[in-house]
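Report on the following structure.
Since the model is a prediction, treat every value here as computed from it, not as a measurement.
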Amino acid sequence: SSEYYFPAIAEEKLKECLSAGQWQETKDILTLLETENCGNRSLRRSQFIKLNRRIMDLLGLVWKQEELKEKAFWLNEVFMQPEIAGEEYFQRLRQLCRKICNDNVEKKQEQRGLLVEEIKEYIREHYCEPDMGLSRVGGEFRMSESYLSTLFKEQSGGNFADYVEALRIENCVWNIPVIGTGAADPEVEEMALEQGAADYAAKPHTMKSLWKRVIRVTGFDCWIGEEE
């Protein structure tokens with residue numbers, strides 16, 4: 001057969017894999033295209049050029065146009081030869097697609113990082129509010145709680161709940177110059193409630209362990225338990 005092989009399902013899958021940066025899946029599809037078009041078929045030059053045109057149109061949907069134009073001439077050099085070398089064409093196409101996958105992975109990673117910075121900014125603005133949690137932030141940024149939790153840990157290296165708690169406790173500590181050692185110090189309770197840390201209101205005896213865990217220093221006695 002002289003008709004090139006590139007079914008719609010393979011085209012859609014290739015586009016999907018390139019956009020997601022899935023190199024192994026992309027390579028498998030390219031191997032199939034090479035086998036069908038260079039092993040099982042003997043394409044005329046006109047058919048090979050049509051196949052290449054469809055592939056280039058697809059690449060234009062998943063990669064920056066300026067970079068694609070730069071690489072297009074390099075790929076199309078194969079068609080300037082008297083005999084089209086299908087193996088050389090697909091070798092170059094694989095190199096190009098791998099570059100696209102790598103770029104798209106980096107782009108998505110950068111986008112995720114920027115998104116988490118936006119989420120952190122939102123938390124810093126609202127952490128005092130008692131309903132601050134995965135459910136609220138997930139709704140605000142239109143993502144599930146499980147995805148938000150995974151994304152936050154992936155990009156920040158820490159848990160969402162720990163980040164919120166750290167903000168609340170740190171601000172409790174830094175905003176109370178002297179706290180007594182009683183079991184229900186009014187100033188501790190008031191500050192904890194103001195910072196959204198209702199779980200620690202009326203529990204000043206827990207502040208020392210929280211300071212050490214959240215602030216990660218041992219100079220807590222400078223703030224708690226000492227009278228000026």
Side-chain angles (χ1 to χ4, degrees), residues 4-41 43 47-80 84-124 134 137-160 163:
Y4 69 81
Y5 174 87
F6 195 18
I9 188 171
E11 183 176 13
E12 187 60 32
K13 187 64 176 177
L14 181 59
K15 177 184 173 183
E16 177 185 316
C17 292
L18 286 168
S19 297
Q22 297 171 335
W23 165 239
Q24 185 58 54
E25 292 82 351
T26 296
K27 186 169 67 170
D28 290 344
I29 296 170
L30 295 178
T31 298
L32 173 63
L33 294 180
E34 181 177 12
T35 299
E36 289 294 331
N37 288 294
C38 300
N40 298 339
R41 289 167 173 76
L43 297 186
Q47 287 298 313
F48 217 123
I49 290 174
K50 287 180 180 180
L51 170 63
N52 177 63
R53 187 176 299 124
R54 274 187 64 190
I55 290 174
M56 294 304 293
D57 287 344
L58 184 152
L59 299 185
L61 299 175
V62 298
W63 207 34
K64 294 174 285 189
Q65 286 293 328
E66 58 271 19
E67 294 198 36
L68 182 59
K69 287 179 181 179
E70 186 178 312
K71 294 293 185 180
F73 180 78
W74 171 74
L75 183 63
N76 290 336
E77 282 179 340
V78 176
F79 298 106
M80 299 177 186
I84 296 178
E87 183 179 346
E88 174 68 17
Y89 172 81
F90 278 98
Q91 182 179 348
R92 294 190 182 197
L93 181 59
R94 273 190 287 271
Q95 292 180 42
L96 177 56
C97 287
R98 183 158 198 170
K99 168 67 174 170
I100 293 173
C101 283
N102 290 341
D103 284 359
N104 284 339
V105 167
E106 291 178 7
K107 180 180 177 181
K108 287 181 179 296
Q109 186 70 9
E110 181 180 348
Q111 290 173 339
R112 286 195 291 267
L114 292 173
L115 177 56
V116 169
E117 287 305 313
E118 288 182 33
I119 290 171
K120 285 183 175 181
E121 180 62 28
Y122 179 80
I123 294 172
R124 287 193 291 268
L134 286 170
V137 178
E140 181 69 24
F141 288 86
R142 298 183 179 181
M143 62 181 71
S144 69
E145 293 181 34
S146 60
Y147 178 75
L148 170 58
S149 178
T150 300
L151 176 66
F152 193 91
K153 187 169 186 178
E154 171 194 291
Q155 294 297 317
S156 67
N159 293 326
F160 177 93
Y163 182 76

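- Within the 4.5 Å cutoff, the side chain of Val137 has no heavy atoms near those of the Phe152 side chain.
- In this structure, the separation between OG on Ser19 and CD1 on Ile100 is 9.5 Å, given to the nearest 0.5 Å.
- Taking the side chain to side chain donor-acceptor pair (under 3.5 Å) definition, one finds that Glu36 meets it with Asn40, Arg41, sequence neighbours left out.
- Here the CG atom belonging to Leu30 is positioned 9.5 Å from the CG atom belonging to Leu96, to the nearest 0.5 angstrom.
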Inset, instruction - Check the pair Thr35, Tyr5 against side chain to side chain contact (heavy atoms under 4.5 Å, CB included), reporting the backbone distance first and the verdict last. - result: CA-CA 10 Å; Thr35 299; Tyr5 174 87; over 6 Å; no
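- Ring geometry for Phe90 against Phe48 counts as tilted: the plane angle lies between 30° and 60°, on a 0 to 90° scale.
- Between Leu115 and Met143 the shortest side-chain heavy-atom distance falls below 4.5 Å.
- Glu145 pairs by the side chain to side chain donor-acceptor pair (under 3.5 Å) definition with nothing, not counting sequence neighbours.
- Listed by first then second residue, pairs satisfying salt bridge (Lys or Arg N to Asp or Glu O under 4.0 Å) with a partner in residues 16-29 read Lys13-Glu16, not counting sequence neighbours.
- From Asn37, atom CG reaches atom CG of Asn52 across 11.5 Å, with rounding to the nearest 0.5 Å.
- Using a 4.5 Å heavy-atom threshold, the side chains of Leu148 and Phe141 count as separate.
- Shortest non-hydrogen contact noted between Cys101 and Leu18 is SG-CD2, 3.9 Å.
- Side-chain contact between Leu151 and Glu154 is present, with at least one heavy-atom pair separated by less than 4.5 Å.
- Side-chain contact between Leu59 and Lys71 is absent, with no heavy atoms from C-beta onward closer than 4.5 Å.
- Heavy atoms from other residues, nucleotides or ligands lying under 6.0 Å from NZ of Lys120 number more than 12.
- Using a cutoff of 4.0 Å between basic side-chain nitrogens and carboxylate oxygens, Asp57 and Arg53 are not scored as salt-bridged.
- Interatomic distance, OG1 of Thr26 versus NZ of Lys15, reported as 13.5 Å (0.5 Å rounding).
- Without hydrogens or angle criteria, Asn104 side chain to Val62 main chain gives a donor-acceptor distance under 3.5 Å.
- With rounding to the nearest 0.5 angstrom, the CD atom of Glu118 is 12.0 Å from the CD1 atom of Ile123.
- The closest side-chain donor-acceptor pair between Arg92 and Gln95, if any, does not fall under 3.5 angstrom.
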Inset, instruction - Would you check, one step at a time, whether the test side chain to side chain contact (heavy atoms under 4.5 Å, CB included) holds for Trp63 with Lys107? - result: CA-CA 11 Å; Trp63 207 34; Lys107 180 180 177 181; over 6 Å; no
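- Between Lys99 and Trp23 the shortest side-chain heavy-atom distance does not fall below 4.5 Å.
- Around CD of Glu121, the count of heavy atoms belonging to other residues, nucleotides or ligands within 6.0 Å exceeds 12.
- The heavy-atom pair separating Cys38 from Gly86 by the smallest distance is SG-CA, 3.7 Å.
- Remark: Glu87 engages no residue in a salt bridge (Lys or Arg N to Asp or Glu O under 4.0 Å) (not counting sequence neighbours).
- Atom CD1 of Ile9 is surrounded by 12 or fewer heavy atoms from other residues, nucleotides or ligands within 6.0 Å.
- With a 6.0 Å radius and a threshold of 12 heavy atoms from other residues, nucleotides or ligands, Gln111 has its CD atom above the threshold.
- For Ala20, the side-chain contact (heavy atoms from CB on, under 4.5 Å) partners two or more places apart in sequence, or in a different chain, are Gln22.
- Listed by chain and residue number, Tyr4, Phe6, Glu11 satisfy the side-chain contact (heavy atoms from CB on, under 4.5 Å) test with Arg54 (two or more places apart in sequence, or in another chain).
- The distance from the CD atom of Glu110 to the CD atom of Gln155 is 10.5 Å, given to the nearest 0.5 Å.
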